[in-house]
Amino acid sequence: MGIIGCGGIGSGIISNLVSYGVKNFILMDPDVVEPSNITRQPLFSLQDLSKQKTEVLRSFIKNRVKNASVETYNKKFELEDDLKYFEDVDILIFAADSSNFKDILSDNITTPENILEKFSYEPLPK
């Protein structure tokens, strides 16, 4: 399972997937836990302040799922080359902060959404 974005939406998705027994994750997010995250993102606590969100969520997963596999990348998803981190996933979820909606509608501007849209429509290699 690939998750891009480990904030409010991403951490909620991770919490639910863990409760269903999913145990293989690849997480990508550049952010650290900030005070404003504590009230909006229940998987983070005061002890997590200034820690990478991906690392906090790795601990959350590993403390709840036996034999969990969690790879983390503390970077922003912004280039088509970033898809290499997710080559072996069956499902890739984009839960990061969204770009400007006008940019999403333009094929000439590279946004995470455009990269993922192009990736999702490409035929599988034979």
Side-chain angles (χ1 to χ4, degrees):
M1 178 67 60
I3 310 277
I4 299 171
C6 295
I9 295 171
S11 63
I13 291 168
I14 290 166
S15 178
N16 284 319
L17 292 171
V18 164
S19 71
Y20 300 141
V22 175
K23 63 181 184 177
N24 297 313
F25 290 88
I26 298 174
L27 309 177
M28 181 179 282
D29 193 298
D31 294 336
V32 297
V33 178
E34 298 175 357
S36 65
N37 300 138
I38 304 303
T39 57
R40 296 180 290 112
Q41 300 167 11
L43 299 186
F44 302 125
S45 68
L46 291 172
Q47 291 79 16
D48 300 324
L49 289 174
S50 299
K51 294 180 184 176
Q52 292 291 145
K53 288 181 178 181
T54 56
E55 300 306 321
V56 173
L57 292 173
R58 177 203 311 256
S59 294
F60 171 82
I61 295 165
K62 292 228 174 224
N63 285 327
R64 285 163 179 77
V65 181
K66 187 176 181 176
N67 300 320
S69 168
V70 184
E71 292 179 41
T72 61
Y73 299 97
N74 301 320
K75 65 181 296 323
K76 184 176 182 178
F77 180 87
E78 53 191 347
L79 302 171
E80 191 167 341
D81 190 49
D82 292 336
L83 289 169
K84 69 183 176 194
Y85 298 105
F86 301 99
E87 288 177 339
D88 295 329
V89 301
D90 294 322
I91 299 173
L92 178 57
I93 297 173
F94 183 73
D97 293 336
S98 186
S99 301
N100 185 315
F101 186 72
K102 291 184 294 184
D103 294 344
I104 297 170
L105 297 177
S106 172
D107 290 335
N108 299 325
I109 298 174
T110 301
T111 65
E113 292 87 346
N114 285 343
I115 292 168
L116 291 170
E117 183 175 357
K118 177 184 171 196
F119 174 72
S120 66
Y121 288 110
E122 289 180 356
L124 296 173
K126 292 185 179 188

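Just so you know, residue 1 is the first one in the sequence shown, and it goes up from there. All values below were derived from every heavy atom in this structure, side-chain atoms included, with hydrogens, water molecules and symmetry-related copies excluded.
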In the single-linkage hydrophobic clustering (I, L, V, M, F, W, Y; side-chain heavy atoms under 4.5 Å), do F94 and V89 co-cluster?
-> yes
Spell out, as yes or no, whether a donor-acceptor pair under 3.5 Å connects the side chain of D48 to the backbone of S45.
-> yes
Distance, nearest 0.5 Å, that separates CE of M28 from CD of E71 | 10.5 Å
Hey, does C6 have a side-chain heavy atom less than 4.5 Å from the side chain of D31?
-> no
Atom pair NZ/CD of K53 and E34 - distance to nearest 0.5 Å | 6.5 Å
Heavy-atom closest pair (V65 atom, G21 atom, distance to 0.1 Å) is CG1-O, 4.4 Å
Do Y73 and T54 come within less than 4.5 Å of each other through their side chains, counting heavy atoms only?
-> no
I9 and A95 have their tightest heavy-atom pair at CG2-CB, 3.7 Å
If you measure from CD1 on I4 to CG on L92, what distance do you get to the nearest 0.5 Å?
-> 4.5 Å
Minimal non-hydrogen separation, G7 against D29, with atom names = N-OD2, 4.0 Å
Can you tell me if S19 uses its side chain to pair, donor with acceptor, with the backbone of N16 under 3.5 Å?
-> yes
Testing I61, I93, V22 for side-chain contact (heavy atoms from CB on, under 4.5 Å) with I14, which one passes?
-> I61
L83/F77 under side chain to side chain contact (heavy atoms under 4.5 Å, CB included): CA gap, chis, key distance, verdict = CA-CA 8 Å; L83 289 169; F77 180 87; 3.9 Å; yes
How close do G8 and Q41 get, heavy atom to heavy atom, and via which atoms?
-> N-NE2, 3.1 Å
Check against side chain to side chain contact (heavy atoms under 4.5 Å, CB included), F44 and L57 | CA-CA 8 Å; F44 302 125; L57 292 173; 4.0 Å; yes
side-chain contact (heavy atoms from CB on, under 4.5 Å) partner of E55, chosen from V70, N74, L27, V33 | N74
Cluster check F25, L43: I/L/V/M/F/W/Y, side chain < 4.5 angstrom = yes
For the student: nearest non-hydrogen atoms of I26 and Y85, plus distance = CD1-O, 3.4 Å
Quick one: does K62's side chain have a donor or acceptor within less than 3.5 Å of a partner on A68's backbone?
-> yes
Work out which heavy atom in M1 is nearest to a heavy atom in L17; give both atom names and the distance.
-> CG-CD1, 3.7 Å
